[in-house]
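First the structure, in the form of structure tokens, and then the observations on it.
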Protein chains: 2
Amino acid sequence: MGKKNITFSDIAKYTGFSKTTISRYFNNPDSLTLENQQIIATALEKLNYKENKVARILANGKTEFIGIIIPNLYMHYYSEILNQILKTYDSFGYKFLVFTGDDHESTERKYIQELLAYKIEGMIILSHTIPSIELASYNIPIVTIEREDQYVSSVNTDNYMGGVQATSLLAKTGADILIHINADIPKQTPSYERIRGFSDICKEYNIPHEMILTDTGHTYDETSRILKDLLETIDTKYKRKTKGIFLPNDTFANIMLNHLIQKYGCLPDDYKIIGFDDSPVSREAIIPISTVGQQIDKIALSAMELLNEQIEERHKRKPTLSVEPTHKIIPPILINRKTTLPVER
Amino acid sequence: MGKKNITFSDIAKYTGFSKTTISRYFNNPDSLTLENQQIIATALEKLNYKENKVARILANGKTEFIGIIIPNLYMHYYSEILNQILKTYDSFGYKFLVFTGDDHESTERKYIQELLAYKIEGMIILSHTIPSIELASYNIPIVTIEREDQYVSSVNTDNYMGGVQATSLLAKTGADILIHINADIPKQTPSYERIRGFSDICKEYNIPHEMILTDTGHTYDETSRILKDLLETIDTKYKRKTKGIFLPNDTFANIMLNHLIQKYGCLPDDYKIIGFDDSPVSREAIIPISTVGQQIDKIALSAMELLNEQIEERHKRKPTLSVEPTHKIIPPILINRKTTLPVER
DNA sequence: TTGTACGCGTTATCAA
DNA sequence: TTGATAACGCGTACAA
């Protein structure tokens with residue numbers, strides 16, 4: 001379209017006011033008489049004015065952009081987090097520039113530079129590659145979700161409580177031996193707390209237990225094979241005992257459940273299973289799987305609240321800089337479905 | 001931070017060049033001597049310059065922003081599409097402003113206005129609410145994916161072929177009666193073609209068939225109940241016949257499969273099932289479900305290519321405006337798993 | 001309540 | 001190969 005955009009100048013000329021007055025119509029309408037507001041309103045209609053927020057950013061420095069770096073959207077947990085974050089537009093008004101980093105450190109660093117160039121007001125980081133001390137050095141409001149967070153504000157699920165809840169539920173079924181299978185994740189990772197929760201409860205109540213920390217594979221088929229082998233081992237090792245198995249996520253729990261059903265034609269009464277995440281597969285499984293659900297809506301909302309506070313603080317005259325990072329913890333919710341029914345005696 | 005941002009002016013002063021030269025260093029470095037490039041490069045390092053793309057937008061009009069309106073990220077199909085679109089950043093360089101509209105027409109209209117205010121260069125629309133004739137009226141490059149697309153460019157799966165493939169596979173298993181269950185979707189919807197594909201093949205080869213177009217529910221539990229009832233009906237109506245059932249998506253197929261297994265303890269040989277989408281549940285099911293996979297990566301790439309063409313066209317001097325919309329079709333891929341094994345005779 | 005004048009940080013145009 | 005100057009469209013002191 002060759003036709004130039006309508007600007008405040010055009011409206012000003014047309015109405016006889018100054019550009020300033022037109023600007024005020026948008027940012028402080030009460031400072032105009034109702035009459036003049038009307039005049040301008042009709043002029044805007046007539047000339048078909050379209051606002052230009054890019055120019056406004058340059059003038060007042062507020063982009064209302066928030067950058068998001070997320071590993072991928074393939075995993076349900078991430079896409080649901082993003083889903084909930086995007087929904088906050090209606091209450092906070094921030095626009096989201098989204099990048100998926102696929103856990104490539106240098107790529108993610110490049111994305112952050114790009115975001116910075118667009119003068120974003122803050123960032124939400126879900127990817128794990130860039131250490132929080134580096135994130136902090138960018139000197140803009142940052143909130144991380146479920147990752148290493150020593151030097152930046154963050155929101156995490158109460159993973160320890162999640163582990164405790166899952167373990168307690170398994171114990172209450174009357175299982176003789178409790179087993180937790182997980183990858184050998186680093187201690188700084190938030191989800192390591194689930195392992196601690198399991199371990200602590202077992203020890204506290206003197207419950208026989210086994211911790212299997214091992215490579216859980218990188219593809220679905222790999223994981224499936226590994227879990228099948230693990231099941232065989234468990235099956236022979238704990239014959240005649242009721243086994244309560246705590247899997248690190250619902251996909252794994254579902255695989256385990258399927259292997260059991262393929263072997264026995266049903267879920268035997270001496271197997272109790274619980275997953276983690278409350279992802280769709282846990283309810284869509286052949287037998288609805290008990291799980292620990294993260295309150296993703298609350299996590300997203302808390303992250304935005306934290307970020308918003310930091311951003312508003314920063315817009316003030318005397319920015320109380322270098323405040324301590326805030327770490328918010330959201331409790332999980334135990335979801336008791338059909339794979340943890342009490343043992344029939 | 002009180003410290004002002006470093007600008008081209010600062011670099012210019014520091015190096016003795018003009019702002020113009022600094023700008024050229026970024027946009028046309030070859031027009032400077034290598035020596036001077038070096039001087040500027042070190043100055044940038046020294047002063048720790050951070051580029052400001054907002055100012056650049058205002059000056060040259062190119063935002064490199066693309067707006068995305070997507071119904072939600074809860075459904076795997078949508079999150080995977082977004083996943084693939086975001087990945088194109090590395091090849092096209094566009095930044096994505098993402099909104100989820102939840103199928104609220106007025107809300108989505110508001111989002112579009114917001115996007116327009118940020119001078120986005122184009123839009124990708126996945127939501128269904130706003131008619132394409134209205135989209136076209138915005139006069140910016142637009143590509144829709146899998147929705148009504150009469151007046152705008154679009155990318156769609158070859159749904160007709162998908163229906164044909166699914167139906168043919170069911171027929172090849174040796175099923176006596178073919179059944180397609182679907183919601184009563186409008187004829188303009190791209191996925192209506194699947195229904196036509198099913199119908200055409202059945203008629204062409206004189207295969208006994210039944211089309212069940214009915215309300216399929218709005219929640220998982222509702223759908224589950226409806227499909228269970230439907231299964232009972234089918235079970236009694238076609239006793240002794242081998243039934244080939246084509247479900248409109250993998251979630252439905254999985255529900256149907258689970259009902260069958262709960263009833264018979266296994267997938268009876270007289271039931272053949274196929275879904276659509278190749279979503280995770282189809283491979284995670286108790287028996288891996290045959291399905292028709294959309295090539296989501298290709299869909300996303302095609303959409304970006306189409307959009308990019310339109311955008312580049314528009315940046316030219318004489319914009320060949322009002323070209324006819326292009327509609328691109330991506331073939332689906334049949335995925336033959338374990339729920340469509342040939343009938344044993 | 002309204003207007004003047006300048007600034008935001010870059011690019012485009014023209015000239016040298 | 002480089003520079004001066006004017007946009008780009010809006011916000012904001014400051015003045016009236």
Side-chain angles (χ1 to χ4, degrees), chain A residues 1-40 43-44 47-65 114 116-121 315 317, chain B residues 1-40 43-44 47-65 116-121 315-317:
Chain A
M1 225 67 338
K3 66 174 170 192
K4 240 175 81 273
N5 278 323
I6 302 296
T7 72
F8 282 10
S9 285
D10 301 318
I11 312 289
K13 250 170 247 165
Y14 185 85
T15 57
F17 292 111
S18 71
K19 290 195 308 180
T20 313
T21 303
I22 311 301
S23 171
R24 272 196 273 264
Y25 170 83
F26 285 98
N27 299 310
N28 190 11
D30 294 342
S31 68
L32 313 196
T33 62
L34 274 167
E35 200 181 354
N36 289 344
Q37 287 184 40
Q38 259 312 323
I39 295 175
I40 296 177
L44 293 172
L47 300 182
N48 188 27
Y49 171 76
K50 304 278 182 205
E51 56 179 342
N52 184 337
K53 295 211 177 180
V54 176
R56 164 207 270 249
I57 294 171
L58 194 57
N60 74 4
K62 295 182 190 172
T63 62
E64 297 181 342
F65 284 148
E114 181 80 339
L116 259 27
Y118 281 98
K119 303 299 159 186
I120 54 167
E121 309 214 30
H315 282 318
R317 300 268 153 256
Chain B
M1 220 79 327
K3 67 175 170 193
K4 241 175 80 268
N5 278 324
I6 302 295
T7 73
F8 281 9
S9 284
D10 301 316
I11 312 289
K13 248 170 246 164
Y14 185 85
T15 58
F17 293 109
S18 70
K19 292 196 303 182
T20 313
T21 303
I22 311 301
S23 172
R24 270 196 274 263
Y25 170 84
F26 286 97
N27 299 309
N28 190 10
D30 295 342
S31 68
L32 312 196
T33 62
L34 274 168
E35 201 180 354
N36 290 344
Q37 288 185 40
Q38 260 311 324
I39 295 175
I40 295 177
L44 293 173
L47 301 182
N48 188 25
Y49 170 76
K50 304 278 182 204
E51 56 179 344
N52 184 337
K53 294 211 177 179
V54 176
R56 167 207 269 249
I57 295 171
L58 192 58
N60 75 2
K62 294 181 188 171
T63 62
E64 297 181 340
F65 284 149
L116 259 27
Y118 280 98
K119 303 299 159 186
I120 54 168
E121 309 213 30
H315 283 317
K316 286 180 189 165
R317 299 271 152 255

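All chains are named by letter (A, B, ...) in the order of the sequence lines, taking the proteins before the strands, and each is independently numbered beginning at 1. Treat the numbers as computed from the prediction; the structure is a model and nothing was measured.
- Judged purely by distance below 3.5 Å, without hydrogens or angles, the side chains of B:Arg56 and B:Asn27 pair a donor atom with an acceptor atom.
- For A:Thr63, the side-chain contact (heavy atoms from CB on, under 4.5 Å) partners at least two apart in sequence or on another chain are A:Ile57, A:Phe65, A:Lys119, A:Glu121.
- Taking 4.0 Å as the cut-off between side-chain N and carboxylate O, B:Lys53 and A:Glu114 count as a salt-bridged pair.
- Of the possible polar contacts, one joining the B:Gln37 side chain to the B:Pro29 backbone as a donor-acceptor pair under 3.5 Å is found.
- Just one of A:Asn52, A:Leu44, A:Asn48, A:Leu47 meets the side chain to side chain contact (heavy atoms under 4.5 Å, CB included) condition when paired with A:Ile6; it is A:Leu47.
- The heavy-atom pair separating B:Asp10 from B:Thr7 by the smallest distance is OD2-N, 2.8 Å.
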For nucleotides 10-12 of chain D, give me every protein contact, N/O to N/O, under 3.5 Å, one pair per line with atom names.
from	atom 1	to	atom 2	distance (Å)
D:dC10	OP1	A:Tyr49	OH	2.2
D:dC10	OP2	A:Phe8	N	2.8
D:dC10	N4	A:Lys19	NZ	3.0
D:dG11	OP1	A:Asn27	ND2	3.1
D:dG11	OP2	A:Ser23	OG	2.9
D:dG11	OP2	A:Asn27	ND2	3.4
D:dT12	O4	A:Thr20	OG1	3.4

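- Within a heavy-atom distance below 4.0 Å of DNA chain D, no residue of residues 28-35 of chain A is found.
- Separating the NZ atom of B:Lys119 from the P atom of D:dC8 is a distance of 13 Å, rounded to the nearest angstrom.
- For D:dT2, the OP1/OP2 oxygens have no side-chain nitrogen or oxygen of B:Ser18 closer than 4.0 Å.
- Rounded to a whole Å, the OH atom of A:Tyr25 is 16 Å from the P atom of C:dT1.
- For the pair B:Leu47 CG and C:dG9 P, the computed distance is 14 Å after rounding to whole Å.
- Atom-to-atom, CD1 of B:Ile57 to C1' of D:dC8 comes out at 12 Å; the value is rounded to the nearest Å.
- Place B:Leu58 and B:Phe17 on DNA chain D by their nearest nucleotides, and B:Phe17 ends up nearer the 5' end.
- Of the possible polar contacts, one joining the A:Thr15 side chain to the A:Ile11 backbone as a donor-acceptor pair under 3.5 Å is found.
- Between B:Phe8 and the options B:Phe17, B:Tyr14, B:Tyr49, a ring pair (Phe, Tyr, Trp, His ring centres under 6.0 Å) holds for only B:Tyr49.
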